[in-house]
Structure formats: C-alpha cells, structure tokens
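First comes the structure, then the notes that go with it.
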Amino acid sequence: MIKIVFFGTPEFALSSLRALTAHGEIAIQAVVTQPDKPKGRSLQKTPSSVAQCAEELGLPVIKIENLINNQEVFDQLSRYHADLYAVVAFGVILPSALLALPARGALNLHPSLLPRYRGSSPIQTAILNGDTETGITVMLLDEKMDHGPIVAQHTVQINTNDTSPTLSDRLSIMGAQLLVKGMLDYSNGKVQPYAQDERYVSYTKQISKDDGRIEWTKTSKEIARQIRAYKPWPGSWTILDNKGKPHTLKIIDAVPLSTIADYAQNPLSHTPGKLIQLSRKRYAFVCGGSTLLEIFTVQPANRTTMSADSYIRGNLWLIDTIKK
RNA sequence: CGCGGGGUAGAGCAGUAGCAGCUCGCCUGGCUCAUAACCAGGAGGUCGUGGGUGCGAAUCCCACCCCCGCAA
C-alpha cells in the first residue's frame, strides 16, 4: 500500500484524483488545494474543483495558499508520513522543505513532453505553435520548475480542430492513467527516473488577457491557432468601430482560408482587420499575407455567443466590402 | 452590497413620448434547366412582469423576474 498526499486545484487534476482514489494499492491520506476564491457574478467564495471532488470522495482537505515558511502546514503534513506526494496542476510551488517530507519524493504530472514546454501554459503553447503532437510527463519534483527526472512519458496527438479545453480533457484523462502506472512502477522500483535533456528545454509563458488581442497582420493560420489555443480564456478578440464607439468582438470559431485571390483587385480588402462578405452567410476577416479567416461563431461584448451570420445581420455597417 | 451590459416578430438588431421598424428566416406566387440567386406579395409582436406619471409610454419613474460580459 502506497500512502500519498494529493496536491491539485483545477479541473485538470480531477481525473488523476479519481484514478488514484480508485486504485486498491494507493491510499490518499489528504488532499491539499488552494483556498476558496471569489467566483461568478456575485464573487461568492467557491471551493476549487479539487476541493469539491475531495469532499465527495470523503477525503480530508487542506486548503492552503502559502506554503513557504508555513510551519503549521509543515507539521500537519509531516504527521501523515506519506510515501509519495502526487502533484497535479496545484498552482503553487512546493518549497524544498516540503518536498523532503515524503519518503520517495513528489511525483508531478505535467501536460507536455518535457523538457519541452516547461511552465504554466504548455497546452495552449502546443496548439499555438501548431504542433501535431504533445504529451504528458510524470516526473519527480525538485526545486527547479518542471526540471526533475522523468518517470514516465506518453505522446498524445493534437487534432487540427483541438482547442485548449478539448486537448486538456484528453491530456487529463491519459495523464491520470500514466500517473497511476508511473507511481506504481516507481514505487516498485520497476522504473529508474532519468534526467531531462537540457538541450531541448523550452519554457511557456504565463498567459495574460492582452495576449488574446488579435493581430490581424498575422496570417489566418496563425490567428486560427490562437483562437483554438486561447479558448476559453483569455479568448481571441478584436476591437471594431461600431458607429464611432469601440466594440469588442470575441471570435470563438473560425477557419483559415487559403487565398484572397478573389479580392486581390480591391485595395480595401487588403487591409488586415477588415470584415468582408464572401458570399451569402459567409464572412471573413482579412489577415496578413493576403489570407482570409472565415468566421463562424462570435461573441460581442456583453452578449452571449452567436453565429457570425446572426451577428452581422444586426450590425450590417460592419461589412467593409460586399461581393455582389 | 465587486464593475458593467441587456430583455422589441423564429434569429440578430434599430427605435429615448405621437400609426412598431431593419437585415435575415418562414409562407404564397412568379422567373429559371436549376439554385442558397432574382422579382412580386404575405403571415408573424400582450415591446420581460407588475404598478406609477402623461391626452398619449417600447420610450419617463418605482418595484420585481430572467439573461449575459468583465472580474476571479
């Protein structure tokens, strides 16, 4: 029987939490997660996904924000005498003092093929870069971020229509299986963790809201990838001129078109960021390099999502060029 | 009391006191080899709910219900 403490916060960690709980040879002694945070329109304090799930599973929950120099939590955790920690999307760095507590160390599930894409946004970055595959890695935590030796790794394909949520779901489920297997193999001494190859290290940045703003001078393929990568947050949006007032439009679903040839004669349509009508019910933005991005689903500011056709029905002045 | 937007025809929107409108969709007919095209005609609204002010309210005032964005 392996005694562990589970660290996790968002939905991504749920598959792992459930898989570990369900396994007969693994005993979760406690679940550590971030404290309740304001959520929703009234900003009511809401427990994290992991906290809610752990409650349902009847596991003891420890909510903690700051782990550094937190003697109380240190003492509390040391009483469990865990063999291993399992860390999945916890969102807080574990200080080395804590990592030293479990007898066999702390296993982390990271949604990339380490050493590629260390950091906080590996899933979004993989889609943004147009990768055809990514993966999940189970590794031992050390004091450097996503740096420790690898226990197990598995490749996952990225579909051309994958968005961050769809890819994240798949990585979460496959990651849970890999984590359980990796944990057992590692505990039984079946696998020997190996150091990451520093030559292939890359890092992903923390995404901010501003990253969602669309640069229309990029090609439609790049913009389409951004739309899929930054869904649902921060989203991909542009600011249109609504009768003199700035008007934010989020683009939910769009596909790059290969050519702008039909519009090459019209100098107006070469201006990136212009909205043009392709045909009945089909609309596109002009992007860089004479490419077009056909839009299907949009979300105006303060509105719910709607089809591009519907949106433009009620905002006809937005169309820059109409093909007769 | 976190900030803000909104509820008008099946959809998306205009209309801020004086006959309820636009772009679509839908129905009928026409034109076409044909069509998501084009032409002609038509149906479809208790303007979120309740109250108030006015000669007159979608529009102004009050209350309530519902929806959404930001934020986290």
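Side chains are part of it too, since the values below use all heavy atoms of this structure and drop only hydrogens, waters and symmetry mates.
- Atom name C1', nucleotides B:A43 and B:U49: the rounded distance is 28 Å, in whole Å.
- Base orientation of B:G54: syn, since the glycosidic angle falls within 90° of 0.
- Atoms CG (A:Leu278) and C1' (B:A36) sit 14 Å apart, rounded to a whole Å.
- Here the P atom of nucleotide B:A14 and the CG atom of A:Leu318 are 11 Å apart, to the nearest Å.
- Comparing B:A14 with B:A71, their C1' atoms sit 30 Å apart, to the nearest whole Å.
- On the C1' atoms, B:U59 is 30 Å away from B:C26, given to the nearest whole Å.
- To the nearest whole angstrom, the two P atoms, one in B:G7 and one in B:G48, are 8 Å apart.
- Taking atom C1' on both B:C47 and B:A58, the two are 5 Å apart, rounded to the nearest angstrom.
- When the C1' atom is compared between B:G51 and B:G10, the two are found 31 Å apart, to the nearest whole Å.
- Using a 4.0 Å cut-off between a side-chain N of Lys or Arg and a carboxylate O of Asp or Glu, A:Asp75 and A:Arg79 do not qualify as a salt bridge.
- Contact between the side-chain N/O atoms of A:Lys209 and the OP1/OP2 oxygens of B:A71 is found at a separation under 4.0 Å.
- With side-chain heavy atoms closer than 4.5 Å counting as contact, directly or through intermediates, the hydrophobic cluster containing A:Met145 also holds A:Val201, A:Tyr203.
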Using a cut-off of under 3.5 Å, enumerate the N/O to N/O pairs linking the protein to nucleotides 6-9 of chain B.
| residue | atom | partner | partner atom | Å |
| --- | --- | --- | --- | --- |
| B:G6 | O2' | A:Arg303 | NH2 | 2.6 |

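- Remark: the backbone N or O of A:Ile239 is not paired with any side-chain donor or acceptor of A:Thr248 at under 3.5 angstrom.
- A donor-acceptor contact closer than 3.5 angstrom is absent between the side chains of A:Gln299 and A:Thr305.
- Note: CG (A:Asn315) to P (B:G15) measures 12 Å, nearest angstrom.
- If you take atom C1' in B:U8 and the same atom in B:G21, they sit 10 Å apart, rounded to whole Å.
- A salt bridge between A:Arg118 and A:Glu198 is present, with a side-chain N of the basic residue lying under 4.0 Å from a carboxylate O of the acidic one.
- Among B:G12, B:A72, B:G69, the nucleotide with an atom closest to any side-chain atom of A:Arg313 is B:G12.
- Each of A:Ile252, A:Ile227, A:Ile223, A:Asp211 was compared with A:Ser236 under the side-chain contact (heavy atoms from CB on, under 4.5 Å) criterion, and only A:Ile227 meets it.
- B:U32 is unpaired under the criterion used here, namely a Watson-Crick or G-U wobble arrangement in which both key atom distances are under 3.5 Å.
- Projected onto RNA chain B by closest heavy-atom contact, A:Trp233 and A:Gly314 fall at different nucleotides, the more 5' of which corresponds to A:Gly314.
- Pair assignment for B:C64 gives B:G48, based on Watson-Crick or G-U wobble hydrogen-bonding distances that are each under 3.5 Å.
- The side chain of A:Pro38 has B:A72 as its nearest neighbour among B:G12, B:C3, B:A72.
- Taking atom CD of residue A:Gln277 and atom C1' of nucleotide B:A37, one finds them 13 Å apart after rounding to whole Å.
- Pairing for B:G10 is with B:C24, a Watson-Crick or G-U wobble pair whose two hydrogen-bonding atom distances lie under 3.5 Å.
- When the side-chain nitrogen and oxygen atoms of A:Lys250 are compared with OP1 and OP2 of B:C70, one or more of them lie within a distance under 4.0 Å.
- Rounded to whole angstrom, the span from the OH atom of A:Tyr283 across to the C1' atom of B:U23 amounts to 9 Å.
- One atom, CG of A:Leu249, and another, C1' of B:G69, lie 13 Å apart when rounded to the nearest Å.
- Here the side chain of A:Met306 is nearest to one of B:C13, B:G69, B:A72, namely B:C13.
- Neither side chain, A:Gln34 nor A:Ser48, offers a donor N or O lying under 3.5 Å from an acceptor on the other.
- Between A:Lys39 and A:Ile312, the residue anchored closer to the 5' end of RNA chain B is A:Ile312, taking for each the nucleotide with the nearest heavy atom.
- Side chain of A:Gln196 to main chain of A:Asp146: a donor-acceptor pair is present (N/O by atom type, distance under 3.5 Å, no hydrogens or angles).
- Searching all strands for a Watson-Crick or G-U wobble partner of B:C3 with both distances below 3.5 Å returns B:G69.
- Rounded to an integer number of Å, the gap from CD of A:Gln44 to P of B:G2 is 9 Å.
- Each of B:U23, B:G69, B:A71 was ranked by its minimum atom distance to the side chain of A:Leu43; first place goes to B:A71.
- Atom-to-atom, NE2 of A:His247 to P of B:C70 comes out at 14 Å; the value is rounded to the nearest Å.
- A distance of about 27 Å separates the C1' atoms of B:G2 and B:C61, rounded to the whole Å.
- Listed by chain and number, the residues in a ring pair (Phe, Tyr, Trp, His ring centres under 6.0 Å) with A:Phe285 are A:Trp216 (sequence neighbours excluded).
- In this structure B:G18 sits in a base pair with B:C55, meeting the Watson-Crick or G-U test at under 3.5 Å.
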